[in-house]
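The structure appears below as structure tokens.
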Amino acid sequence: MVAYYKTVESRLTQIDTLEPGCWINMIRPDEKEILAVSQALELDPSFLQAALDEEESSRIEVEDEATLLVVDIPYSEEQKDGSVLFSTLPLAIVVTHQNVITVSLEETSVVHDFTHGAVKNVNTSLKTRFTLNLMLRAAGKYLLHLRQIEKISSKIEGELYKSLRNEELIQLLTLEKSLVYFSTSLKSTETTLEKLLRGRILKLYEDDQDLLEDVIIEFKQAIEMAEIYSSILSGTMDAFASVISNNLNIIMKVLTVITILMTIPNIVFSFYGMNVQDMPLPYTWAPVVISLVVTGLVWLLLKKKHLY
């Protein structure tokens, strides 16, 4: 899908055709769409294909008057069981002499906010400023998703106090994997932004440089949050794995004690059930009394030894 947007009277408006100063948003484009846009803007098609590889790493590439910026942005997807899977997707931002092109595999919340007017004061003719606004929005989404992960993990932690099942631990493991993805993507994107700040790859005015510094600060904050949450989550998983193992040991100990106590009456009644003459006590009440007394003594002994 290819869509064109341009700032008209201070509002981002969708237009029908490619125009100078517009933003070209490409979501999972096919070969025909890539060829059409690359020919219209005299671009290398590989620039537009960069984000179609999910394993594409963050990087900057300059060719002629076009600059390719590949960054990882946060992506969330609701699963069939109602849980939310957090991950990252590469976003290719191509800045040409007159236009900005974004290419991604899916419509992420970052791009969605721009196309639906959630981001104010957007000017597509200011290509560098528009690119930095995209990055600033991506940093904000990282922080938002990290807070969501923290809330979900706290909720699961509360459920773990009342549960011995593995489902909660599996959910925590999924969240921990998401934090690893976030941390790796944030660090690589931060490195790319640092190169952008040092290398003067894009033309930066004073306000643009201030905005880029703000973007880098936001990414650094997101990196710190991801590392803190990952450390906390890892410790929580280890602690609850130990708790679940300890609870299982307690249950096994209780069941063992119950088995021992129930074995005693069985032994006594089996003894009295034999064809033995001249038993010291009458059969009618002796087995019951002996069973209760011996069982009680064994129970007291186990309790004294702190085995029950």
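More than 12 heavy atoms of other residues, nucleotides or ligands shown are found within 6.0 angstrom of CD on Glu63. Within a 6.0 Å radius of CG in Asn121, no more than 12 heavy atoms belonging to other residues, nucleotides or ligands are found.
Within the 4.5 Å cutoff, the side chain of Phe86 has no heavy atoms near those of the Tyr181 side chain. Under the 4.5 Å side-chain criterion, counting only non-hydrogen atoms from C-beta, Leu173 is in contact with Glu176. Side-chain contact between Glu107 and Asn25 is absent, with no heavy-atom pair separated by less than 4.5 Å. Counting heavy atoms from C-beta outward, Met135 and Phe219 have side chains that approach closer than 4.5 Å. Side-chain contact between Met225 and Tyr142: absent, with no pair of heavy atoms (C-beta onward) separated by less than 4.5 Å. Using a 4.5 Å heavy-atom cutoff, the side chains of Leu179 and Leu146 are in contact. Taking the side chain as every heavy atom from C-beta outward, Leu41 and Val94 never approach each other to under 4.5 Å. Between Pro90 and Asp72 there is a side-chain heavy-atom pair separated by less than 4.5 Å.
In the hydrophobic cluster analysis, where Ile, Leu, Val, Met, Phe, Trp and Tyr join through side-chain heavy atoms closer than 4.5 angstrom, Leu68 is grouped together with Leu43. The hydrophobic cluster containing Tyr75 does not contain Val111, counting ILVMFWY residues as joined when their side-chain heavy atoms lie under 4.5 angstrom apart, directly or transitively. A continuous path of Ile, Leu, Val, Met, Phe, Trp and Tyr side chains, each step under 4.5 Å between heavy atoms, connects Ile216 with Val110, placing both in one hydrophobic cluster. Linking Ile, Leu, Val, Met, Phe, Trp and Tyr whenever their side-chain heavy atoms come within less than 4.5 Å puts Leu196 and Ile223 in one cluster. Residues Leu91 and Met1 fall into different hydrophobic clusters, defined by Ile, Leu, Val, Met, Phe, Trp and Tyr side chains chained together at heavy-atom separations under 4.5 Å.
Ala222 and Leu143 get closest at one heavy-atom pair: CA-CD2, 3.6 Å. The minimum heavy-atom distance between Leu186 and Ala226, with the atom names listed, is CD1-CB, 4.3 Å. Across all non-hydrogen atoms, the minimal contact from Ala138 to Ile73 is CB-CG2, 3.8 Å. Considering every non-hydrogen atom in both Cys22 and Thr124, the closest pair reads CA-OG1, 4.2 Å. Annotation for Tyr5 and Ile15: closest pair N-CG1, 4.3 Å, computed over non-hydrogen atoms. Nearest heavy atoms, Thr189 versus Ser58: CA-OG, 3.7 Å.
Within the structure, salt bridge (charged side-chain N to carboxylate O under 4.0 Å, His left out) contacts touching residues 137-151 (residues at least two apart or in different chains) are Asp113-Arg137, Asp113-Lys141. Sorted by first then second residue, the salt bridge (charged side-chain N to carboxylate O under 4.0 Å, His left out) pairs that include residues 221-235, not counting sequence neighbours, are Lys187-Glu227.
For the side chain to side chain donor-acceptor pair (under 3.5 Å) test, residues two or more places apart in sequence or in another chain that qualify with Ser46 are Asp44. Under the side chain to side chain donor-acceptor pair (under 3.5 Å) criterion, Thr88 pairs with Ser185, sequence neighbours left out. Qualifying side chain to side chain donor-acceptor pair (under 3.5 Å) partners for Glu33, counting only residues two or more places apart in sequence or in other chains: none. Residues meeting the side chain to side chain donor-acceptor pair (under 3.5 Å) test with Asp208, sequence neighbours left out: Arg129.
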One pair to check against side chain to side chain contact (heavy atoms under 4.5 Å, CB included): Ile34 and Leu52. What are the steps and the verdict? CA-CA 11 Å; Ile34 291 175; Leu52 302 183; 3.7 Å; yes
Using the side chain to side chain contact (heavy atoms under 4.5 Å, CB included) rule, take Leu197 and Gln209 through it: C-alpha gap first, then chi angles, then the decisive distance, then the call. CA-CA 7 Å; Leu197 182 63; Gln209 186 166 350; 4.0 Å; yes
Begin from the C-alpha positions of Glu213 and Asp210 and carry the test side chain to side chain contact (heavy atoms under 4.5 Å, CB included) through to its verdict. CA-CA 5 Å; Glu213 291 174 354; Asp210 292 339; 4.0 Å; yes
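Distance alone, capped at 3.5 Å, is enough to place a donor-acceptor pair between the Thr131 side chain and the Lys127 backbone. Remark: side-chain polar atoms of Ser38 are paired, donor with acceptor, to backbone N or O of Leu35 under 3.5 angstrom. Distance alone, capped at 3.5 Å, is enough to place a donor-acceptor pair between the Ser153 side chain and the Ile149 backbone.
Within the model, atoms CG of Asn133 and NZ of Lys120 stand 13.5 Å from one another, a figure rounded to the nearest 0.5 Å. Expressed to the nearest 0.5 Å, how far OG1 of Thr67 lies from CD of Glu61 amounts to 10.0 Å. Taking OG of Ser104 as the start and CE of Met26 as the end, the distance is 10.0 Å to the nearest 0.5 Å. Leu105 contributes atom CG, which lies 5.5 Å from atom CD of Glu54 (distance to the nearest 0.5 angstrom). Rounding to the nearest 0.5 Å places CG of Asp30 at 11.5 Å from CZ of Arg28.
Each of Val95, Ile93, Val119, Val100 was evaluated against Phe130; a single residue qualifies, Val100, per the side chain to side chain contact (heavy atoms under 4.5 Å, CB included) test. Between Trp23 and the choices Asn99, Thr102, Thr7, Asn123, the side-chain hydrogen bond (donor to acceptor under 3.5 Å, both in side chains) rule is met once, by Thr102.
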